[in-house]
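Not measured: the values here are computed from a predicted model.
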Amino acid sequence: MGCSFSGLNALYDAVNGGGDVWINENRYRIVRQLGEGGFAYVFLVKEVLTDSDAAAGSSGLAKKVKDKAHLSDDGTYAMKKVLIQNTEQLELVREEIRVSSLFNHPNLLPLLDHAIIAVKAAQEGSWNHEAYLLFPVHLDGTLFDNAKTMKLKKEFFSTSDVLQIFRQLCAGLKHMHSLEPPYAHNDVKPGNILLTHRKGQPPLAIMMDFGSARPARKQIRTRQEALQLQEWASEHCSAPFRAPELWDCPSHADIDERTDIWSLGCTLYAIMYGVSPFEYALGEAGGSLQLAIVNAQIKWPPGPNPPYPEALHQFITWMLQPQAAVRPRIDDIIIHVDKLIAKFCN
């Protein structure tokens with residue numbers, strides 16, 4: 001866990017108004033802020049080469065990154081800065097870094113470098129921390145951003161693009177579910193999927209944010225364990241995409257990676273229609289999101305023109321089975337989506 005260069009970071013903050021940041025031995029210039037949420041800020045940064053790196057035509061980061069395909073042609077990256085105020089937050093960031101380093105797949109966002117540094121807090125004698133996480137940058141935004149823009153323009157993805165985007169998400173999740181032990185992402189949703197538009201090809205879809213990812217399989221054997229799981233899920237799994245067993249967990253249950261399959265089904269619906277299949281309940285008088293989810297009460301919109309094939313609706317319904325034990329696994333989903341691609345994509 002890198003804790004180096006805290007003094008240099010403070011120095012550059014003072015000199016440049018936060019213009020430069022060090023992540024271990026490499027220096028980055030902040031270009032602009034891309035987003036923020038909670039205690040985290042995301043910046044577009046550009047690597048500042050040393051004279052020796054520039055002369056060698058290489059970069060400090062290139063010496064660290066195993067897969068050179070992740071290196072940027074122009075030296076720009078996305079940097080997530082997390083403000084850490086207590087031990088619990090520190091452990092969560094360390095866990096996110098540990099889990100991110102387990103994955104290596106083209107449809108999962110790789111962590112390129114990271115550092116956690118101690119910074120002097122306002123209170124006399126106390127210290128907090130800041131984490132810096134470096135990722136490849138994707139400037140076309142998330143599926144959520146794209147869906148909002150498309151909704152305003154009354155545009156929809158083609159059936160072919162819907163299936164190709166979804167197939168990539170399946171590939172990324174299969175990688176996570178195939179680890180030993182299997183990992184669940186636990187927060188599959190449009191806001192955690194980066195889309196990059198490509199000329200003449202379907203968009204590239206990359207899943208990100210592994211802050212909620214954990215070993216997928218849990219044995220629940222007491223009421224207390226069930227309530228603890230529900231409480232954890234309420235903090236880490238976005239409500240409109242959260243599986244029924246995480247809302248109302250029995251006192252005796254075997255939870256597994258099929259919680260992600262539920263979220264994946266909701267996300268396929270959102271690729272098509274821009275929202276989760278259960279968000280309508282939030283706008284109804286006396287409507288309950290939890291009841292709509294636990295009873296799998298899907299509402300189909302009148303749809304785009306031309307409408308999507310009924311086979312896609314049946315596919316979503318198959319994933320959104322409230323009983324986790326009869327819900328399909330990721331391998332079943334991939335077999336089925338490949339059949340749909342063969343049928344509906346030229």
Side-chain angles (χ1 to χ4, degrees), residues 142-152 154-159 161-170 173 184-193 195 205 207 212 230 233-234 236-249 257-330 332-334 336-337 340 344:
T142 64
L143 176 57
F144 178 75
D145 301 327
N146 279 259
K148 271 201 308 191
T149 306
M150 291 170 80
K151 202 170 184 180
L152 288 171
K154 294 189 165 55
E155 293 176 353
F156 293 87
F157 287 113
S158 67
T159 297
D161 278 358
V162 166
L163 289 168
Q164 297 286 3
I165 291 168
F166 183 75
R167 179 63 177 84
Q168 295 173 69
L169 303 182
C170 292
L173 269 187
H185 183 285
N186 287 316
D187 203 17
V188 177
K189 62 177 182 180
N192 282 337
I193 296 157
L195 281 191
M207 210 174 292
S212 302
Q230 285 173 205
S234 72
H236 293 271
C237 315
S238 300
F241 296 86
R242 192 187 310 156
E245 60 271 25
L246 299 179
W247 284 95
D248 186 15
C249 182
E257 57 273 24
R258 283 176 286 185
T259 52
D260 277 349
I261 300 299
W262 176 277
S263 306
L264 197 59
C266 294
T267 300
L268 176 54
Y269 183 106
I271 299 170
M272 293 157 65
Y273 299 116
V275 292
S276 145
F278 305 104
E279 280 179 78
Y280 70 85
L282 297 170
E284 290 185 346
S288 159
L289 182 66
Q290 181 174 345
L291 275 179
I293 288 170
V294 169
N295 296 316
Q297 293 167 336
I298 307 166
K299 273 200 179 173
W300 303 102
N305 193 13
Y308 294 113
E310 179 57 27
L312 265 69
H313 287 186
Q314 291 169 1
F315 188 31
I316 290 169
T317 305
W318 183 49
M319 285 183 269
L320 297 183
Q321 300 202 48
Q323 296 299 323
V326 294
R327 209 176 293 149
R329 294 183 184 274
I330 194 65
D332 308 318
I333 301 296
I334 287 171
H336 199 78
V337 75
L340 290 173
F344 294 110

Pair up each side-chain donor or acceptor in residues 293-303 with any protein partner under 3.5 Å, not counting sequence neighbours, and list the distances.
from	atom 1	to	atom 2	distance (Å)
Asn295	ND2	Leu291	O	3.1
Lys299	NZ	Glu284	OE2	2.7

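Partner of Leu169 under the side chain to side chain contact (heavy atoms under 4.5 Å, CB included) criterion, chosen from Val188, Ile271, Val337: Ile271. Exactly one of Cys266, Ser263, Ser238 qualifies for a side chain to side chain contact (heavy atoms under 4.5 Å, CB included) with Lys189. That residue is Ser238. Considering Tyr269, Phe241, Trp262 in turn, Trp262 is the only one that fulfils the ring-ring contact (aromatic ring centres under 6.0 Å, His included) rule with Phe278.
Taking OG of Ser158 as the start and CZ of Phe344 as the end, the distance is 12.5 Å to the nearest 0.5 Å. A distance of 5.0 Å separates NE2 in His185 from CG in Asn192, rounded to the nearest 0.5 Å. Rounded to the nearest 0.5 angstrom, Leu143 CG and Leu195 CG are separated by 5.0 Å. Rounded to the nearest 0.5 angstrom, Ile333 CD1 and Leu340 CG are separated by 10.5 Å. Arg167 contributes atom CZ, which lies 4.5 Å from atom CD1 of Ile334 (distance to the nearest 0.5 angstrom). Put simply, CE on Met207 and CG on Leu264 are 6.5 Å apart, with the number rounded to the nearest 0.5 Å.
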| Candidate pair Leu173 and Glu257, rule side chain to side chain contact (heavy atoms under 4.5 Å, CB included), full reasoning | CA-CA 10 Å; Leu173 269 187; Glu257 57 273 24; over 6 Å; no

| request: Check the pair Phe166, Thr267 against side chain to side chain contact (heavy atoms under 4.5 Å, CB included), reporting the backbone distance first and the verdict last. | output: CA-CA 8 Å; Phe166 183 75; Thr267 300; 5.9 Å; no

| Could you go step by step and tell me if Asp248 and Gln230 meet the side chain to side chain contact (heavy atoms under 4.5 Å, CB included) rule? | CA-CA 7 Å; Asp248 186 15; Gln230 285 173 205; 4.3 Å; yes

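The salt bridge (charged side-chain N to carboxylate O under 4.0 Å, His left out) search around Asp161 returns none, not counting sequence neighbours. Applying the salt bridge (charged side-chain N to carboxylate O under 4.0 Å, His left out) criterion to Glu245, with sequence neighbours excluded, gives Arg327.
Note on residues 267-276: no pairs pass salt bridge (charged side-chain N to carboxylate O under 4.0 Å, His left out), not counting sequence neighbours. Screening residues 258-283 for salt bridge (charged side-chain N to carboxylate O under 4.0 Å, His left out) gives Asp256-Arg258 as the qualifying pairs, with residues at least two apart or on separate chains. Applying the side chain to side chain donor-acceptor pair (under 3.5 Å) definition to pairs two or more places apart or across chains, those involving residues 307-326 are Tyr273-His313.
Between Gly191 and Thr142, the shortest heavy-atom contact is O-CG2, 3.5 Å. In this structure, Phe156 and Met150 approach most closely via the heavy-atom pair C-CE, 3.4 Å. Contact between Leu320 and Pro277 at its shortest, heavy atoms only, is CD1-CG, 3.9 Å.
Put simply, the side chain of Ser212 never gets that close to the backbone of Asn186: no donor and acceptor are under 3.5 Å apart.
A 6.0 Å sphere centred on OH of Tyr280 holds more than 12 heavy atoms belonging to other residues, nucleotides or ligands.
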